[in-house]
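Heads up: the structure comes next, in structure tokens.
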Amino acid sequence: MASVAPSKPRSPQDYRGAERLLAWYDRHARTLPWRTRQGDPPADPYRVWLSEIMLQQTTVVTVGPYFADFLARWPNVAALAAAPLDDVLTAWAGLGYYARARNLHRCAQMVAGELGGVFPDREAELLKLPGIGRYTAAAIAAIAFGQRAVVVDGNVERVVARLFKVETPLPAAKAELHRLADGLTPEQRAGDFAQAMMDLGATVCLPRRPKCLLCPLEADCQAKAAGIAQGLPRRQSKAAKPTRRAVAFWLMAADGALLLRRRPEKGLLGGMMEVPSTPWREAPWPAAEAQAAAPAAAEWRELPGLVRHTFTHFHFEVTVWAARAQSKAIDAGHWVSLDGLADEALPTVMRKIIAHGLTQTAVVGRDD
DNA sequence: CATACGTGGAG
DNA sequence: TCTCCAAGTAT
């Protein structure tokens, strides 16, 4: 149970903490592309939504250029809804968690269609939309619509776990941390408060070396008082990552086009383009077995080296085989000129494989 | 409640 | 090299 839960949800002490945090935020708020400043018109819900989806498990630095590109190409929800899904996937390529891009597009179509182009302003309605979960619904309600909502992301969990010295490891502590965050959240300026908590976590209450001397909440922080701030929140240890292996087939036509194919809509890298390969599995691929999985009969040659990539839950090792295609009459997949690769929805792991194929075939000489 | 789902930067 | 972890969601 709670090691140190406040007896009342909203004590005067908590309220002063919120006040101090907001005062700190007014002085230290970072200027971010999707953030409005004091005195500006209210935040555009489309921009808040777009940024929040992109920021799920993704750093501010990484999101920056993608947010600018999306906003330039699709300045409002109607424009995004009208875009072909493949264009959205291509623009998203490299950001990761590609289900977000598919849900983003579906959500845009729902808002632009049945919702008449207007984002819901209530958490419960936002929660019904694809790609919007508990955190994002609260963040949009608070930041775009000024409603009191309890916004809890990884930063807030860390800040609250330290403030109240919650020693239960995550994820078991999630419900308790949410309750404690609720008790801290003020009625007014809920959007600023949420962003202040997240900024505090991102710049002061850091995971490894918290800068407690700069923290506006230091005097209230029970973990700091106990000298264990750096060790919180505790986390349940994660399982080791297995290694999966595959052989990728670098098939080039006489005109220099490369064979790609689209992955299934669901699952890993769903809907994205890929270099054709054997299935991904732990056991290495004997040559004869890989041969049988090739997209065409050809004189396959193994390129030197190995492509390594780590996903969320496994390591990936890819050997690349290269061959020259006799014709472009191949069912599964489509041919793309090397110049056209930039316009394909290729995730990072596939760009690594392509870069490897490009350099190794150049070193060894085309093929045959 | 557990697991699948990307990528890049920091230490 | 390796582990951690970042403005989480869906199932």
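Chain A is the first sequence line, chain B the second, and so forth, proteins listed ahead of strands; every chain is numbered from 1. As the structure is a computational prediction, the values presented were derived from the model and not from experiment.
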Output a table of nitrogen or oxygen pairs between the protein and nucleotides 5-8 of chain C separated by less than 3.5 Å.
| residue | atom | partner | partner atom | Å |
| --- | --- | --- | --- | --- |
| C/dC5 | OP2 | A/Arg235 | NE | 3.4 |
| C/dA6 | OP1 | A/Arg158 | NH1 | 2.7 |
| C/dA7 | OP1 | A/Asn155 | OD1 | 3.4 |
| C/dA7 | OP1 | A/Asn155 | ND2 | 2.6 |
| C/dA7 | OP2 | A/Asn155 | OD1 | 2.2 |
| C/dA7 | OP2 | A/Asn155 | ND2 | 2.6 |
| C/dA7 | O5' | A/Asp153 | OD2 | 3.4 |
| C/dA7 | O5' | A/Asn155 | ND2 | 2.5 |
| C/dA7 | O4' | A/Asp153 | OD2 | 2.5 |
| C/dA7 | N9 | A/Tyr135 | OH | 3.4 |
| C/dA7 | N7 | A/Glu52 | OE2 | 3.4 |
| C/dA7 | N6 | A/Arg35 | NH2 | 3.1 |
| C/dA7 | N1 | A/Arg30 | NH2 | 3.4 |
| C/dG8 | OP1 | A/Gly154 | N | 3.2 |
| C/dG8 | OP2 | A/Gln57 | N | 2.8 |
| C/dG8 | OP2 | A/Gln57 | NE2 | 3.1 |
| C/dG8 | O5' | A/Gln57 | N | 3.4 |

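Between A/His313 and B/dC5 there is a side-chain polar atom (N or O) within less than 4.0 angstrom of OP1 or OP2.
Side-chain contact annotation: A/Thr136 with A/Gln56, donor-acceptor N/O pair under 3.5 Å present.
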Under 3.5 Å donor-acceptor pairs involving side-chain atoms of residues 259-277 of chain A, not counting sequence neighbours:
| residue | atom | partner | partner atom | Å |
| --- | --- | --- | --- | --- |
| A/Arg261 | NE | A/Glu274 | OE2 | 2.7 |
| A/Arg261 | NH2 | A/Glu274 | OE2 | 3.3 |
| A/Arg261 | NH2 | A/Ser277 | O | 3.1 |
| A/Arg262 | NH1 | A/Asp86 | OD1 | 3.2 |
| A/Arg262 | NH1 | A/Gly271 | O | 2.8 |
| A/Arg262 | NH2 | A/Asp86 | OD1 | 3.1 |
| A/Arg263 | NE | A/Leu268 | O | 3.0 |
| A/Arg263 | NH1 | A/Glu274 | OE1 | 2.7 |
| A/Arg263 | NH2 | A/Leu268 | O | 3.0 |
| A/Ser277 | OG | A/Trp280 | NE1 | 3.3 |

Please output the side-chain donor-acceptor pairs of residues 196-205 of chain A that fall under 3.5 Å, not counting sequence neighbours, one pair per line with the distance.
| residue | atom | partner | partner atom | Å |
| --- | --- | --- | --- | --- |
| A/Asp199 | OD1 | A/Arg30 | NH2 | 3.0 |
| A/Asp199 | OD1 | A/Arg35 | NH2 | 3.2 |
| A/Asp199 | OD2 | A/Arg35 | NH1 | 2.9 |
| A/Thr203 | OG1 | A/Asp199 | O | 2.8 |

Donor-acceptor contacts, no H, no angles, side chain residues 239-254 of chain A, under 3.5 Å, sequence neighbours left out:
| residue | atom | partner | partner atom | Å |
| --- | --- | --- | --- | --- |
| A/Lys241 | NZ | A/Thr312 | O | 3.1 |
| A/Arg245 | NH1 | A/Glu282 | O | 2.4 |

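For the ring pair (Phe, Tyr, Trp, His ring centres under 6.0 Å) condition, no pair includes a residue of residues 218-248 of chain A, sequence neighbours left out.
In this structure, A/Ile53 reaches neither bases nor backbone, as no heavy-atom distance under 4.0 Å exists between it and the strands shown. Residue contacts shown for A/Val156 are absent, as no nucleic acid heavy atom lies under 4.0 Å away. Backbone-only engagement by A/Thr348 is indicated by non-hydrogen atom pairs under 4.0 Å involving sugar-phosphate atoms exclusively.
Between A/Arg189 and A/Asp26 there is a salt bridge, since a side-chain N of the basic residue sits under 4.0 Å from a carboxylate O of the acidic one.
Listed in residue order, the members of residues 259-274 of chain A having a heavy atom less than 4.0 Å from DNA chain B are A/Gly267, A/Leu268, A/Leu269.
In terms of position on DNA chain B, the residue among A/Phe311 and A/Pro171 whose nearest nucleotide sits closer to the 5' end is A/Pro171.
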